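One structure is given here, and the rest of the page talks about it.
On a predicted model such as this, the values are computed, not experimentally measured, just so you know.
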Amino acid sequence: MIDLYTWPTPNGHKVHIMLEECGLPYAVHAVDIGAGEQFDPEFLKISPNNKIPAIVDSDGPDGKPISLFESGAILVYLAGKTGKFLPKTTRGRYETLQWLMFQMGGLGPMLGQAHHFRIYAPQKIDYAIERYTNEAKRLYGVLDRQLGRTGAWLAGREYTIADMACWPWTRSHENQGIDLADYPNVKRWYDAIGARPAVQRALTVLADRRKPLLDPKAREALFGGTQYQKR
C-alpha cells in the first residue's frame, strides 16, 4: 500500500494519474494547503520543502519503507517500481526524462506564475502579467511543435510520465491566457489524455475538497509570510 499525501492541484494530479494508470493500491491523506496543513511537523518529516505531493511506500527498495517528495521523483520511482510508462531503452528513457525535466523546470513554474499574476495577485501588475503570459504562449508553442513532430505523445510513440507531468498544468489554460485552438497539436494531445479512464478517475481524488482561494487565511498560507517562517 502506498500512502499518498496530496491535494487536488496540478502537482498532486500528476501522481494521482500515475497511480491510477499503474493500478497501484493507495490510501489518500488530504493535506489542505489552504489551511496550512503543509507546515505540520509530521508532514514536514516526509516533505521537508512543505509541498505536496509526497508518498510513503511500505514496500520500498529491498522491502523497506521509503518516503519521497517532489512529484517528478515520485513519477520516476513509480515507473521503476512497476516497469510502466518509462521506456526501457536508454534512448527512450532519456527522451522521456528530458520532457519530464521540461515540466519540472519550466512548464510548471512558468504557467504557475502566469496563473498567479493573472488571477491571484492582489495587485494587477501589467509587467508581470505580460511577461508570464508571453512565456506561457512560448511554452505552449514548444509543446505544440514537439507534438507535431511525434504525432502522438511528448517523448514519441509511447504515453509516458512526461505526458502525465505536463498535462495537469495545461488544464487551466484559459487562466494562463491560452486558447488551445491556437495550438492544434496540444489540443489533440490534451483531449486524448483527458479521455483516458485512469485520468478521469485521478481527477476525482479530493475533488470535493477543493474550493476557490478567496479566504484570507488560505491566501496567507499559500502566498504570504507563512511560507517564510522559520521551522
Side-chain angles (χ1 to χ4, degrees), residues 6-17 30-39 43 47 49-53 69-72 99-147 154 164-187 189-191 193-194 203 205-231:
T6 190
W7 196 245
T9 70
N11 283 331
H13 286 318
K14 296 181 207 175
V15 177
H16 307 168
I17 291 170
V31 181
D32 187 340
I33 59 176
E37 292 178 0
Q38 66 271 35
F39 306 113
F43 180 66
S47 184
N49 195 33
N50 61 259
K51 305 292 183 184
I52 61 93
F69 69 103
E70 283 295 335
S71 55
W99 287 102
L100 175 62
M101 297 304 117
F102 165 81
Q103 187 282 310
M104 299 296 296
L107 190 72
M110 294 299 102
L111 296 189
Q113 293 293 344
H115 199 143
H116 177 81
F117 283 106
R118 291 174 61 89
I119 305 299
Y120 294 126
Q123 298 90 29
K124 297 301 181 186
I125 303 170
D126 291 341
Y127 174 80
I129 292 171
E130 181 179 5
R131 171 178 170 79
Y132 290 111
T133 301
N134 285 339
E135 179 63 2
K137 292 177 179 178
R138 187 189 73 80
L139 290 166
Y140 274 84
V142 174
L143 288 175
D144 201 66
R145 289 191 297 275
Q146 174 64 10
L147 290 165
L154 275 175
M164 297 181 205
C166 290
W167 186 82
W169 280 97
T170 65
R171 293 183 68 224
S172 297
H173 51 270
E174 292 181 355
N175 287 344
Q176 299 153 8
I178 298 297
D179 183 350
L180 286 188
D182 296 332
Y183 306 92
N185 297 310
V186 175
K187 179 68 163 59
W189 167 86
Y190 178 86
D191 290 343
I193 294 177
L203 295 179
V205 175
L206 298 177
D208 61 330
R209 298 284 301 275
R210 184 156 188 177
K211 52 188 178 293
L213 297 176
L214 302 176
D215 186 322
K217 180 180 177 181
R219 287 178 174 268
E220 173 64 20
L222 292 169
F223 311 131
T226 305
Q227 286 278 348
Y228 311 114
Q229 294 174 8
K230 186 176 181 180
R231 292 178 173 83

message: I'd like to check L203 versus H13 (side-chain heavy atoms, cut-off strictly below 4.5 Å). Are they in contact?
response: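 Side chain of L203 against side chain of H13, heavy atoms only: contact under 4.5 Å found.
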field: Heavy-atom check, side chain of Q38 versus side chain of W7, under 4.5 Å
entry: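 No, every pair of side-chain atoms sits at 4.5 Å or beyond.
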With rounding to the nearest 0.5 angstrom, report the [atom1] to [atom2] distance, [X] to [Y].
X	Y	atom1	atom2	result
Y190	L143	OH	CG	13.0 Å
L139	C166	CG	SG	9.5 Å
I193	T170	CD1	OG1	7.0 Å
I52	I33	CD1	CD1	5.5 Å
N11	F69	CG	CZ	13.0 Å

What are the two closest heavy atoms between [X] and [Y], and how far apart are they?
X	Y	value
L206	P8	O-CG, 3.5 Å
K51	S47	O-OG, 2.7 Å
D32	E37	N-OE1, 2.9 Å
Q146	L154	NE2-O, 2.6 Å
T6	P53	OG1-CB, 4.1 Å
D144	V186	OD1-N, 3.0 Å

- request: Begin with the C-alpha distance, continue with both residues' side-chain angles, and end with the deciding distance and a verdict on side chain to side chain contact (heavy atoms under 4.5 Å, CB included) for V142 and F102.
  value: CA-CA 10 Å; V142 174; F102 165 81; 3.9 Å; yes
For residues 103-118, run the donor-acceptor check on the side chains, cut-off 3.5 Å, and write out each pair with its distance to 0.1 Å, sequence neighbours left out.
residue	atom	partner	partner atom	Å
Q103	OE1	K14	NZ	2.7
H115	NE2	N175	ND2	3.4
R118	NE	N175	O	2.9
R118	NH1	T133	OG1	3.2

- request: Taking ring pair (Phe, Tyr, Trp, His ring centres under 6.0 Å) as the test, write out the residues that go with W169, two or more places apart.
  value: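 Once residues adjacent in sequence are excluded, W169 has no partner under the ring pair (Phe, Tyr, Trp, His ring centres under 6.0 Å) criterion.
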field: Residues which pass side chain to side chain donor-acceptor pair (under 3.5 Å) with K187, listed by chain and number, not counting sequence neighbours
entry: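 Counting only residues at least two positions away or on another chain, K187 forms a side chain to side chain donor-acceptor pair (under 3.5 Å) with D191.
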message: Quick check: Y183 with H173 (ring centres under 6.0 Å apart)?
response: no
message: Around atom CD of Q229, are there more than 12 heavy atoms from other residues, nucleotides or ligands closer than 6.0 Å?
response: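 For Q229, atom CD is crowded (more than 12 foreign heavy atoms under 6.0 Å).
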